[in-house]
Amino acid sequence: MTMRLVSWQTLCTLLWIVVFLFIWPSAELVFSIPTGLHLAKYNATSVKCIWYTPGLTDILSYDATCQWGTSASSMLNSVTGRSYSYTAGGFNGSLHEATLYPLEHLQLNFYRCGNGNDDQSLWSNIWHFTLHPDTISEKMRAEDLRWIGLVGDMGLDESAYTQQELLRNSEALIMDLVVHVGDISYADDYFPAKNNSYVWIKYMQDIESFAAAALYMTCPGNHEAQFDFAAYTNWLSMPTHASDSPSPFYYSFDHAGVHFAMMSTEHDFSPGSKQHEWLARDLEKAQFRRHLGVPWLIVIGHRPLYCSSVTFSHRCTEEAPLYRQWLEPLLHLWDVDAYICGHNHNYERSYPVYNMTVTDKSYVRPRSTVYIVNGAAGNKERNDPGFAPSKDAPWRAAHGDGVDTGWVRMKASATQLLFEYHLSKDRRVVDTFSIFR
């Protein structure tokens, strides 16, 4: 009989289940320091903070407050938000949100959040972040060009190396944005199924190390669908109103010269649907801003349009053709630079391709969209090692090997969009390419 060692991350999860189910209910008033703090862009000069405290009683007396300023000793600005809760998955805590505004671009902001009615011990740690302008110019200094982190299918377990790399990059002040392309925490893979909100709590507490210091922007994946996406919509508040979206599941935002159209492949995006119509309007608006400091256009979704995984081959041979039929003409019409997704637990990228035909082997002013699958950040389902042979995927330019976790770094200048795929454990760059305009 073979025995497999249980990872430290899995042991921590088991311990957390015991605390959540048996110890926490009798001690919730003791542990009221804010945790799970994370940031999301609200608009060009505003950032939303969301954090967690145990216990429902907080909602009645909690004054959700954030303080910020230009140094840790001079947080002279203050704003009050709201407190709320939900019940899906047995959640019995409180969530709080407040929006910091107005913020100066490229200014290092120090902040903390907590109960404005309580003593100093019940505030969060002091964090800092930088908000970048929507636009970029050729005169932008090289030191002001920051990396953007792209992760997919990152869960509570098996993601420690990826999270450590996101922390390392944010601590070094070289990364101010993390985009998660769906499948967040994998709570629906944990038991008891009707009482698994502890997974979301622990996951958000784990990623606080980088998500409180960099914007954390998300789109939903299939693993968020449990309880009608209740955890997703309560923990993660994205700028839907600022992007004229009728839904909390799809929206757009600009960051340092890149327009991100964040869609939901978990909701209807067929032609004629509300989401398809919104995306068409959004991409058309973005096209007119390409000469106004936002030259790059990226669409983010969870499910792939081009892929060659053999582990879940039906996703590539049956689902992807339908999604291409729905979406590819729109991406081609508005000259989208890249479509980035996850769903498959691996990494691969295409040549510029349209309608299964490679239009360029070069990425210099390509005539079609580049497709990137980036779902290898790590989760309890592990990664998928197998790919179809090259003759069956002639559009494929590169793919990862093995089951090691990984993530993508991206950096934008006015004329170049640089991508690097890193293995999380040893920081090795195993694929890199640039799109040039």
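Applying the disulfide bond (SG atoms under 2.5 Å apart) test to C49 and every residue at least two apart in sequence or in another chain returns nothing. Taking D176 as the reference, R146 meet the salt bridge (charged side-chain N to carboxylate O under 4.0 Å, His left out) condition, with sequence neighbours excluded. Residues passing the side chain to side chain donor-acceptor pair (under 3.5 Å) test with E381, sequence neighbours excluded: H223. For A398, the side-chain contact (heavy atoms from CB on, under 4.5 Å) criterion is met by R349, D431, not counting sequence neighbours. Every side-chain contact (heavy atoms from CB on, under 4.5 Å) that L322 has, sequence neighbours left out, goes to Q325, W326.
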Which pairs of donor and acceptor atoms, one on a side chain in residues 253-265, lie under 3.5 Å apart (sequence neighbours left out)?
{"unit_1": "D254", "atom_1": "OD1", "unit_2": "H259", "atom_2": "ND1", "d": "2.5"}
{"unit_1": "D254", "atom_1": "OD2", "unit_2": "R289", "atom_2": "NE", "d": "3.4"}
{"unit_1": "D254", "atom_1": "OD2", "unit_2": "R289", "atom_2": "NH2", "d": "3.4"}
{"unit_1": "H259", "atom_1": "ND1", "unit_2": "R289", "atom_2": "NH2", "d": "3.1"}
{"unit_1": "H259", "atom_1": "NE2", "unit_2": "D282", "atom_2": "OD2", "d": "2.7"}
{"unit_1": "S264", "atom_1": "OG", "unit_2": "E266", "atom_2": "N", "d": "3.2"}
{"unit_1": "S264", "atom_1": "OG", "unit_2": "H267", "atom_2": "N", "d": "3.4"}
{"unit_1": "S264", "atom_1": "OG", "unit_2": "H267", "atom_2": "ND1", "d": "2.6"}
{"unit_1": "T265", "atom_1": "OG1", "unit_2": "R303", "atom_2": "N", "d": "3.3"}

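A donor-acceptor pair is defined here as one N or O able to donate and one able to accept, closer than 3.5 Å; such a pair exists between the side chain of W296 and the backbone of S413. A donor-acceptor pair under 3.5 Å is formed between the side chain of S243 and the backbone N or O of P239.
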Test log, rule side-chain hydrogen bond (donor to acceptor under 3.5 Å, both in side chains), inputs H96 and T53: CA-CA 8 Å; H96 317 276; T53 57; 2.7 Å; yes
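Looking at heavy atoms from C-beta onward, H38 lies out of side-chain contact with E208 at the 4.5 angstrom threshold. Residues V79 and L100 are in side-chain contact: their nearest non-hydrogen atoms beyond the backbone lie under 4.5 Å apart. Side-chain contact check for Q205 versus Y52: some heavy-atom pair is nearer than 4.5 Å. Using a 4.5 Å heavy-atom cutoff, the side chains of R409 and M175 are not in contact. Annotation: side chain of I298 is not in contact with side chain of V336 (no heavy-atom distance under 4.5 Å). Put simply, the side chain of H180 reaches to within 4.5 Å of the side chain of Y216, judged on heavy atoms. S94 has its side chain out of reach of S83: every pair of non-hydrogen atoms, C-beta onward, lies at least 4.5 Å apart. Side chains of I435 and Q416 form no contact here, defined as non-hydrogen atoms less than 4.5 Å apart.
Taking the six-membered ring for Trp and thresholds of 30 and 60 degrees, H302 and H343 have ring planes more than 60 degrees apart, a perpendicular arrangement. Ring orientation note: the planes of F419 and F433 are close to parallel, at an angle under 30° on the 30°/60° scale.
The neighbour count for E138 CD, taken as heavy atoms of other residues, nucleotides or ligands under 6.0 Å away, does not exceed 12. The environment of CZ in R437 is crowded: more than 12 heavy-atom neighbours from other residues, nucleotides or ligands sit within 6.0 Å. Heavy atoms of other residues, nucleotides or ligands lying less than 6.0 angstrom from NE2 of H105 number more than 12.
Centroid-to-centroid, the aromatic rings of F91 and W200 stay 6.0 Å apart or farther. With ring centers used as reference points, Y101 lies 6.0 Å or more from Y42.
A salt bridge links K41 with D134: at least one charged nitrogen is closer than 4.0 Å to a carboxylate oxygen. Between R168 and E171 there is no salt bridge, since none of the side-chain N atoms of the basic residue sits less than 4.0 Å from a carboxylate O of the acidic one.
Applying the side chain to side chain contact (heavy atoms under 4.5 Å, CB included) test between D153 and each of N379, V373, N346 identifies N379 as the sole match. Partner of V430 under the side chain to side chain contact (heavy atoms under 4.5 Å, CB included) criterion, chosen from L423, D401, D404: L423. The side chain to side chain contact (heavy atoms under 4.5 Å, CB included) with Y339 is formed by just one residue from the set L331, I372, V370; it is L331. The one candidate from W278, F229, F269 that meets the ring pair (Phe, Tyr, Trp, His ring centres under 6.0 Å) condition with F249 is F229. When each of Y354, Y306, Y351, Y371 is paired with W395, the ring pair (Phe, Tyr, Trp, His ring centres under 6.0 Å) condition holds for Y306 and for no other.
Across V429 and T432, no two heavy atoms sit closer than the pair CG1-CB, 4.2 Å.
No hydrogens or angles considered: nothing links the side chains of N355 and T357 as a donor-acceptor pair under 3.5 Å.
Seen from the ring of Y190, K380 counts as a face-on cation partner, given the 6.0 Å and 45° thresholds.
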